[in-house]
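As the structure lists them, so they are numbered: ligands from 1, and atoms in each ligand from 1. FYI, side chains are in, hydrogens and waters are out, and symmetry mates aren't considered; it's all heavy atoms of this structure. Predicted, not measured: the structure shown is a model, and the values here were computed from it.
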Amino acid sequence: MTENILAMNKFKILSIIAVVTVVSVLLTACGKDKRSTGWEYAPNMYEHIAYDPDQPNTNFKDGKTAQLPPAGTIPIGFVRFDYPNTKEGYERASVEVVNKYIATKQSLADGKILFEHFCSPCHGIQGQGDGLVVQHGFPAPPSYSKGNSSRGGAMKDLTDGKIYHTITYGLNAMGSYASQLAPDERWKVVLYVHQLQKL
Ligand code: HEC
C-alpha cells in the first residue's frame, strides 16, 4: 500500500516538473524580438525612472545626463593644498602651513611606520640619505640633520610646510607621494622627519 502511494507521488512530482518546464519555456522563449529580455519580473528594476549616466537627456543644454561639476567643485572630504609646485609655492607653504598634528607617542609611531615604508629606501632609517637603493647607486638625498637642501638652507631647518610640499609634489629625483599618502598620513610623516632632523 505505502509503495503504491510512493509510486503515485513520484508520478505527481514528475508531471508537476514537466508542466513547470513547459510553461516557463513558453513564457520566456516565445518573443518575436530576438533581443527581447522576455517576460520580466519587477520591470522597474530594468526600466527605472532615474536617468542612466550615458542616456540622452533633454533637461540639459548639451543633451547629456552626465554633467561636468561646476568649476571649483571639490569632492567631499578632499583636503585642499593651495600651494603650487613652484619655489614660490614652497616658500609660501613654509610660512603659512602648520602641522595640525602634535607629536604624541601614537602620531610619532604612525609617522615612523609610514616613513620606514615610503621614505627610508632612499633617505635611510635614520634619515641620513643612505637607504638601500642609494647603496645600489640611486642619487643620495641629503641627510635631514647634517645636509643642505638644494633649494637653500640646512635640511635640519626645513619647516612643516616645506616638508609637506616636498611629499606632495616630490623634488627632482624624488617623486610625488600624493597618491600613496593621504594628507593625514603626510602630516604624521612630517612629525617623524622633524625627529630625524635632530639626530
Ligand atoms: C626614490 C628615492 C626617494 C624616496 C622614496 C623619498 N625621497 Fe625624499 N628625496 C630624495 C632625493 C634624491 C632628494 C633630494 C632632491 C633634490 O634636492 O634634488 C630628496 C629630498 C627630500 C627632502 C628635502 C626637500 C628640500 O626642500 O630640499 C625632503 C623633506 C624629503 N625628501 C622627504 C621625503 C619623505 C618624507 C619621503 C617619504 C614620504 C621621501 N622623501 C621619499 C629621494 C627620495
Nearest neighbour in protein (non-hydrogen) for [atom]:
atom                    : answer
atom 23 (C) of ligand 1 : M155 CE, 3.5 Å
atom 37 (C) of ligand 1 : C119 SG, 1.8 Å
atom 17 (O) of ligand 1 : S150 OG, 2.6 Å
atom 24 (C) of ligand 1 : T166 OG1, 3.5 Å
atom 5 (C) of ligand 1  : Y177 OH, 2.7 Å
atom 13 (C) of ligand 1 : P141 CB, 3.6 Å
atom 15 (C) of ligand 1 : L171 O, 3.6 Å
atom 21 (C) of ligand 1 : H123 CE1, 3.4 Å

Quick check against the 3.5 Å criterion: does [X] have a side-chain atom that pairs as donor or acceptor with the backbone of [Y]?
X    : Y    : answer
S94  : Y90  : no
Q126 : L199 : no
E116 : I125 : no
N57  : K64  : no
T159 : V95  : no
T65  : Q55  : yes

Practice task
Please round to the nearest 0.5 Å and tell me the distance separating atom CG of L114 and atom OH of Y177.
Solution key: 12.5 Å
Practice task
For Q128 and K146, test the side chains for any donor-to-acceptor distance below 3.5 angstrom and give the result as yes or no.
Solution key: yes
Practice task
Scan side-chain atoms only and decide if N99 and H194 contain a donor-acceptor pair under the 3.5 Å cut-off.
Solution key: no
Heavy-atom contacts with [X] under 4.0 Å: which atoms of ligand 1 show up? List them by number with element.
X    : answer
N172 : 16 (C), 18 (O)
P142 : 14 (C)
F118 : 5 (C), 37 (C), 41 (C)
Y90  : 25 (C), 26 (O)
S149 : 25 (C), 26 (O), 27 (O)
V189 : 35 (C)
C122 : 1 (C), 2 (C), 3 (C), 4 (C), 5 (C), 42 (C), 43 (C)
R151 : 24 (C), 25 (C), 26 (O)

Exercise for the section: Just do the side-chain contact (heavy atoms from CB on, under 4.5 Å) check on N85 and H165 with the steps written out, would you? Expected result: CA-CA 8 Å; N85 183 14; H165 188 281; 4.0 Å; yes
Problem - Salt-bridge present (K162, D157; N to O < 4.0 Å) - result: no
Where does [X] meet ligand 1, judged by heavy-atom distances below 4.0 Å: at the side chain, the backbone, both, or neither?
X    : result
F115 : neither
I167 : side chain
R186 : neither
P121 : neither
V190 : neither

Exercise for the section: May I ask you to check whether Y83 and Y164 place their ring centers less than 6.0 Å from one another? Expected result: no
Exercise for the section: For this output row, return yes or no: ring centroids of H123 and Y144 closer than 6.0 angstrom. Expected result: yes
Looking at ligand 1, is there an atom of it that comes within less than 4.0 Å of some heavy atom belonging to [X]?
X    : value
L181 : yes
Y144 : yes
H165 : no
K162 : no
G175 : no

Exercise for the section: Have a look at Y192 and tell me which of F118, F115, Y101 forms a ring pair (Phe, Tyr, Trp, His ring centres under 6.0 Å) with it. Expected result: F115
Problem - Per atom 39 (C) of ligand 1, closest listed option by heavy atom (E116, M174, H117) - result: M174
Exercise for the section: Go through the steps for E91 and T86 under the test side-chain contact (heavy atoms from CB on, under 4.5 Å), then give the verdict. Expected result: CA-CA 9 Å; E91 295 295 346; T86 59; over 6 Å; no
Problem - Check against side chain to side chain donor-acceptor pair (under 3.5 Å), T166 and R151 - result: CA-CA 11 Å; T166 307; R151 290 185 277 205; 2.9 Å; yes
